[in-house]
Amino acid sequence: PSERSNLLSRVSFHFAWPLLKKGAGKPLEFGDLPPLPAHDHAARVTAAVQREWDTELLRPTPPSLRRALYRAFAFEFWAAAFHAVSEAATCIVQPVLLRYMLQWVEHGCIDGTGECKSSSADGALLIAAFICTSLWQAVTHHQLYMYTMRGGWNVRMACTGMIHGKLLRMGGAELLAVSSGNAINLISTDVMKFDNFFPNLHYIWAGPLECLAVVVLVWLEVGAITTLAGTVVTLLVVLIQLRFSKVLFAVRQRTAKATDARVRAITEIFAGMMTVKAFNWETPFIDSVKQLRASEATHILLGQRIKGINLAIFFAAPALTSMITFIVFWALDNRMEIGTIYSVMALLNALRLAIGKKFTRAMETAPEALVAIERIQSFLNVREPNRQDVDWTAGDQGQTQPRALVSMVDAGFSWHTAGGEKKQTVDSLVLSGVSVEVVPGEVLLLLGPVGSGKSSLLSAIMGEVPLVAGRLSIRRNS
C-alpha cells in the first residue's frame, strides 16, 4: 500500500489504516496482510549486498562488510540523515521560540526589555511557529524511525541470505572448519543486533552536534561561567557513558564466544546421544553444559548491569545538570526570570535527550552491531572451493551437446595449495593420473579399498578438491 499511496498518506502513515481497522474487528490472518513492498523483498536486498560484497573482494585492500552495506543502502542512509538533522533542528528551535513567547507574555515585548510594544500579531506568529515546529518534529521523527527501522530489517535479511548462500557454496573441508553453532548463532542472534542499532545509527553524530548547539544557546542565555558549570557535568556524564560502552563492547565479544561454545557443545551432545546413553555419560555432560551456561549467564548479567548503570545516569543527569546550572547562575547575582528559567530548562532537556538518551542508546547498541558485522565478515571470508580450473562445457538447449557429462584427462588433485598457486608433488597429490569419461546412460562403478580415493574423486567432481594437473570438464546443467 505504501508504494501506491500519495505523499500525504506516506507522511501520515494513513496507508496502514485499512489494516488497523480490519485488525480491530477480528484477529488478523496471513491473507489479510498486504503484499510486501518491492524494496523490502529478501531476494532484492540480498542480491544488492552480495553484489557490493563481491566488489569488495576484488579490491586490493581487505574487504569490508561495512562499506558494502553502506553502498547497498546509501539512499536510505542519507534520507534518514536528513530527518535526523531536521529533528535535531526542531528540538533546538522550540526552546528559543518558548523564550520569546514567555517574554512577550511577561513584558509585552519579545526582547524582554519592556521598552518596546509587540502587537498581538507578533504573539500569534510566535505561537503559530511553535505549533508548526512541533508538528514538523512529529513528522520528521517518525520518518526517521521508518527509514532506520526499515534499514535494520533489510540489513538483517541481507546478511541472513548471504550466510545461507555462503553455506551452500562451501565445500566439505570448509564446513568442517566452521562449527554449526557459530553459523546458527550468526543467524539467530548476531543479525538481530541490526534491528536494535539502526534506529539509533545517526544519533552517534547528530547527538554531539545537537549538544554543541544547545551549549552555545545556553551560553548566550546565562553566560559563560554558568554554561561551563552545566557543560562540565554533562561532559563527565558522557565520558562515563563512553567508558561503559567500551566495557560493553568487550563483554559482548565474550558473550558471543560463550554462546558459540554452548551451542556447539549441545549440538555435539545431541549428535552423539546414542553414545552418551550407551556409556552413561549424562551426568558429566550435564555438568559441562551447566558450566557453559553459567559462563554465558555471567557475561549477559554483566552486560545488563552496564546498561542499567547507563539508564540510571540518563535519569539522574538532567536533574543534576539543572541544579548545578541554576546554583551557579544564582550565585553570580543574576536575576531569575521566567523566560530564562523555562528556556534554559527546555534547552537542558534537549541536551538530556541528545546525550542522555539518543547518544547513549547509540553507544550501547553500536558495539553489539560492530561485533556482529565482524563475526559475519569473518564467516564470509572463509575460503570457498576453487572451481576456476573446471572446464564448464556448454549444455544449453540448441547448442552442440558434448558426449560426456564428466571428463577427466590425466587429472591430479591436491588439498594443499599455497596462495592460490598450484603445488604438485608426489606427497601432496591425493589423486593423480585420473582419466575417465561418464556419458549419459552409462553406469560407472567406483571400486577400491578404504583410503584409495573414492570419496576424494567424488569431492573432486564437486569442485571441493583443487585441480592441480590435467583437465576436468563438466557439462553444465548435468
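Fair warning: this is a prediction, and the values are worked out from it, not measured in the lab.
- Listed for the Lys454 side chain is no donor-acceptor partner under 3.5 Å among the backbone atoms of Leu446.
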Can you check side chain to side chain contact (heavy atoms under 4.5 Å, CB included) on Val436 and Val406, steps first, answer last? CA-CA 8 Å; Val436 64; Val406 179; 5.6 Å; no
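- Considering all non-hydrogen atoms of both residues, Val214 and Ala350 come closest at CG2-CB, 4.3 Å.
- Tested against Glu368 for a salt bridge (charged side-chain N to carboxylate O under 4.0 Å, His left out), the candidates Arg375, Arg252, Lys307 yield a single pass: Lys307.
- For the atom pair CD1 (Ile376) and CE (Met162), the distance works out to 9.0 Å, reported to the nearest 0.5 Å.
- Residues Glu296 and Thr259 bring a donor and an acceptor atom of their side chains to less than 3.5 Å of each other.
- When every heavy atom of Pro63 is checked against every heavy atom of Asn381, the shortest pair comes out as CG-OD1, 3.6 Å.
- A donor-acceptor pair under 3.5 Å is absent between the side-chain atoms of Thr321 and the main chain of Gly230, judged by distance alone.
- The shortest heavy-atom contact between Ala80 and Thr148 is CB-CG2, 3.8 Å.
- Side-chain contact between Val215 and Thr227 is present, with heavy atoms from C-beta onward closer than 4.5 Å.
- Within a 6.0 Å sphere centred on CH2 of Trp205, heavy atoms belonging to other residues, nucleotides or ligands number more than 12.
- When every heavy atom of Ile204 is checked against every heavy atom of Pro208, the shortest pair comes out as O-CD, 3.2 Å.
- For the pair Lys193/Thr365, no side-chain contact is recorded, criterion being any heavy-atom separation below 4.5 Å from C-beta on.
- Of the inter-residue distances, the one linking Leu292 atom CG with Asp260 atom CG reads 11.5 Å to the nearest 0.5 angstrom.
- More than 12 heavy-atom neighbours from other residues, nucleotides or ligands sit within 6.0 angstrom of CZ on Phe13.
- No more than 12 heavy atoms of other residues, nucleotides or ligands lie within 6.0 Å of NE2 in His14, so this atom counts as exposed by the packing criterion.
- A distance-only check finds a donor-acceptor pair linking the side chain of Thr140 to the backbone of His83 [under 3.5 Å].
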Do His164 and Thr46 pass the side chain to side chain contact (heavy atoms under 4.5 Å, CB included) test, and can you show the C-alpha distance, the side-chain angles, and the key distance before you say yes or no? CA-CA 10 Å; His164 281 289; Thr46 302; over 6 Å; no
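- A distance-only check finds no donor-acceptor pair linking the side chain of Ser86 to the backbone of Phe82 [under 3.5 Å].
- With rounding to the nearest 0.5 angstrom, the CD1 atom of Ile240 is 12.0 Å from the CZ atom of Arg243.
- Taking the side chain as every heavy atom from C-beta outward, Val49 and Leu69 approach each other to under 4.5 Å.
- Using a distance-only test at 3.5 Å, with no hydrogens or angles considered, no donor-acceptor pair links the side chain of His141 to the main chain of Glu87.
- Atom OG of residue Ser288 and atom CZ of residue Arg293 lie 11.5 Å apart, to the nearest 0.5 angstrom.
- Here the NZ atom belonging to Lys290 is positioned 16.0 Å from the OG atom belonging to Ser295, to the nearest 0.5 angstrom.
- Contact check for Gln137 versus Cys91: side-chain heavy atoms found under the 4.5 Å cut-off.
- Judged by distance alone, the side chain of Thr160 and the main-chain N or O of Arg156 form a donor-acceptor pair under 3.5 Å.
- With sequence neighbours left out, Phe77 forms a ring-ring contact (aromatic ring centres under 6.0 Å, His included) with Tyr70, His202.
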Requested in this report: May I have the step-by-step check of side chain to side chain contact (heavy atoms under 4.5 Å, CB included) for Phe194 and Ile373, ending in yes or no?
Outcome: CA-CA 9 Å; Phe194 300 130; Ile373 289 177; 3.5 Å; yes
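- Proximity of Arg66 to Leu370: side-chain heavy atoms (C-beta onward) are separated by under 4.5 Å at one or more points.
- Within the 4.5 Å cutoff, no side-chain heavy atoms of Leu65 are placed close to those of Phe379.
- With contacts defined as side-chain heavy-atom distances shorter than 4.5 Å, the pair Glu268/Phe285 does not qualify.
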Side chain to side chain contact (heavy atoms under 4.5 Å, CB included) between Phe198 and Asn154: does it pass, once the steps are laid out? CA-CA 10 Å; Phe198 268 75; Asn154 281 339; over 6 Å; no
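- Residue pairs that meet the salt bridge (Lys or Arg N to Asp or Glu O under 4.0 Å) test with at least one member in residues 69-81, sequence neighbours left out, are Glu52-Arg71, Glu56-Arg71, Glu76-Arg150.
- Met345 has its side chain within reach of Phe326: a pair of non-hydrogen atoms, C-beta onward, lies under 4.5 Å apart.
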For residues 269-283, which side-chain donor-acceptor pairs fall under 3.5 Å, sequence neighbours excluded?
none

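- Taking CE of Met149 as the start and CG of Asn196 as the end, the distance is 10.0 Å to the nearest 0.5 Å.
- For Val251 against Gly303, the heavy-atom pair with the smallest separation is CG1-N, 3.9 Å.
- Between the side chains of Gln291 and Asp287, no donor N or O sits under 3.5 Å from an acceptor N or O.
- Of all non-hydrogen atoms in Ala258 and His299, the two that sit nearest each other are CB-ND1, 4.3 Å.
- Side chain of Ser435 to backbone of Asp410: a donor-acceptor contact under 3.5 angstrom is found.
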